[in-house]
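When a ligand or atom number is given, it counts from 1 through the structure's own listing order. Computed from heavy atoms alone, side chains included, the values below leave out hydrogens, waters and symmetry copies.
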Amino acid sequence: MNKKSVKDVDLKGKRVFCRVDFNVPMKDGQVTDETRIRAALSTINYLTEQGAKVILASHLGRPKGAVVEELRLTPVAKRLSELLGKEVKKADEAYGDSVKELVGTMNEGDVLLLENVRFYAGEEKNDPELAKAFAELADVYVNDAFGAAHRAHASTEGIAHHLPAVSGLLMEKELAVLGKAMSNPERPFTAIIGGAKVKDKIGVIENLLDKVDNLIIGGGLAYTFVKAQGHEIGKSLLEEDKMDLALSFIEKAKEKGVKFYMPVDVIVSDDFSEDANTKVVSIEEIPADWEALDIGPKTAEIYSEVIQNSKLVIWNGPMGVFELNKFAGGTKAVAEALAEANDTYSVIGGGDSAAAVEKFHLADRMSHISTGGGASLEFIEGKELPGVVALNDK
Ligand SMILES: Nc1ncnc2c1ncn2[C@@H]1O[C@H](COP(=O)(O)OP(=O)(O)O)[C@@H](O)[C@H]1O
Ligand SMILES: O=C(OP(=O)(O)O)[C@H](O)COP(=O)(O)O
């Protein structure tokens with residue numbers, strides 16, 4: 001990476017404003033998935049070991065510029081403190097005199113977590129005044145929030161214009177892993193794109209066709225392609241205005257010699273529920289009143305074989321509605337194939353894909369689970385991430 005990292009600056013005794021992505025799932029005031037907190041530990045430990053005074057900042061949820069009690073970061077500070085094995089002070093604000101006072105009492109190696117930066121309207125607007133107010137708290141800015149790097153906000157972008165600005169270790173790792181995957185991929189290189197956000201993912205497919213050897217389409221995304229080829233898809237997910245684009249991708253794949261895999265069979269259902277009637281049908285035989293909610297067993301077998309024969313696989317988006325056990329088989333088969341493919345480097349991106357892998361207890365058998373869904377997609381699409389662009393060049 002051509003951006004400076006925490007390893008390139010002197011941190012001893014410095015006040016460091018470190019933006020992290022602690023946007024974690026919570027229930028009844030408890031953190032229910034701490035993946036993102038754990039992922040930030042290496043940077044936080046590095047900063048404290050170097051003798052920095054560590055001021056952490058994060059958003060949580062989408063409070064839209066107002067204080068929302070359930071979105072305070074207090075439970076996160078508690079969990080972080082347990083994981084670090086040391087006290088983490090928690091501020092009730094994210095800038096201003098009370099925070100300055102707290103920072104003034106910090107010793108080298110101390111850790112302070114600011115309040116949710118999205119309690120202030122200026123955060124998402126990238127208000128220069130708020131960016132300046134954040135910057136006044138510190139001597140150095142570190143961005144370790146890969147999951148929010150696609151947002152140009154006051155704490156992810158604006159602040160970087162006021163202080164020496166470097167990446168954290170997680171940010172560096174995410175960019176290195178994804179950068180390697182996209183620029184110098186081991187081959188055969190396979191991308192698996194599924195899920196339900198058809199609009200968001202169309203751009204990714206276009207860019208991927210220039211890079212991959214195999215492109216596998218699954219999940220709700222598949223049926224726009226199936227319909228575009230003239231087949232009945234019943235009530236399956238469809239983005240009608242993307243059908244021409246879908247066809248153009250199939251053509252582009254042919255021109256580029258990319259093998260394009262689509263489901264050959266699917267599990268159809270007469271209702272979107274666990275007690276619905278289901279059956280396996282070939283892709284040409286989806287009944288008009290039914291909805292395809294998972295790939296079928298033949299498709300799962302074909303996809304698994306492609307995975308086993310790949311050296312690098314990027315997977316974003318489940319193959320079916322894995323939240324319901326009846327439609328989890330395709331996603332599970334893909335996750336298992338990735339887990340068993342020992343020679344395959346596997347990169348999982350996207351909140352639901354990561355959750356699926358967790359659900360099947362296969363997370364530790366993947367090579368890299370990205371902390372960013374939207375961010376990893378935008379990176380793979382070839383877009384520049386504002387939170388990275390704003391950092392100092394090496
Ligand atoms: N055939 C399908 N029909 C409807 N929804 C689907 C289908 N396959 C997968 N999904 C849904 O897609 C959602 C995940 O999509 P998406 O948000 O695009 O993935 P990710 O978060 O991994 O990027 C899941 O909730 C899953 O139930
Ligand atoms: O959870 C996040 O994004 P993701 O679900 O795409 O991984 C990030 O914390 C960014 O959050 P945002 O999409 O509210 O800006």
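- Contact annotation for R36 and ligand 2: only side-chain heavy atoms (C-beta onward) come within less than 4.0 Å of the ligand.
- The ligand atoms of ligand 2 that sit less than 4.0 angstrom from a heavy atom of R118 are 12 (P), 14 (O), 15 (O).
- Close contacts between ligand 1 and K201 involve ligand atoms 16 (P), 18 (O), 19 (O), 20 (P), 23 (O) [criterion: under 4.0 Å to a heavy atom].
- Atoms of ligand 1 found under 4.0 Å from any heavy atom of N316 (numbered from 1 in listed order, with element): 23 (O).
- Looking at ligand 2, you won't find any N or O of T371 less than 3.5 Å from one of its N or O atoms.
- Considering backbone and side-chain N/O atoms, F272 never comes within less than 3.5 Å of an N/O atom of ligand 1.
- Taking the centre of each ring, F146 and F379 stay at or above the 6.0 Å mark.
- For Y223, the closest heavy-atom approach to ligand 1 falls below 4.0 Å.
- Per-residue contacts place N23 under 4.0 angstrom from the following atoms of ligand 2 (heavy atoms of the residue considered): 1 (O), 2 (C), 8 (C), 9 (O), 11 (O).
- Considering backbone and side-chain atoms alike, D21 places an N or O below 3.5 Å from some N or O of ligand 2.
- Proximity annotation for atom 21 (O) of ligand 1: of D294, V321, D352, D352 comes nearest, heavy atoms only.
- Close N/O approach between G194 and ligand 1 is not found [any backbone or side-chain N/O within under 3.5 Å].
- Looking at K90 and E115, a side-chain N of the basic residue comes within less than 4.0 Å of a carboxylate O on the acidic one, giving a salt bridge.
- For atom 14 (O) of ligand 2, the nearest non-hydrogen atom from the set H59, R62, H150 comes from R62.
- Within the structure, ligand 1 lacks E291 among the residues with a heavy atom less than 4.0 angstrom away.
- Checking L293, L324, I267, I295 against atom 3 (N) of ligand 1, the nearest heavy atom belongs to L293.
- Here is the list of ligand 1 atoms found below 4.0 Å of a heavy atom in S353: 22 (O).
- The distance criterion of under 3.5 Å between nitrogen or oxygen atoms is met by G220 with respect to ligand 1.
- Ligand 2 has no nitrogen or oxygen under 3.5 angstrom from a nitrogen or oxygen of A375.
- Annotation for ligand 1: atoms under 4.0 Å from non-hydrogen atoms of K197 are 17 (O), 18 (O).
- Heavy-atom proximity to R151, at under 4.0 Å, picks out these atoms of ligand 2: 12 (P), 13 (O), 15 (O).
- Contacts of H153 with ligand 2, taken as heavy-atom pairs under 4.0 Å, are absent altogether.
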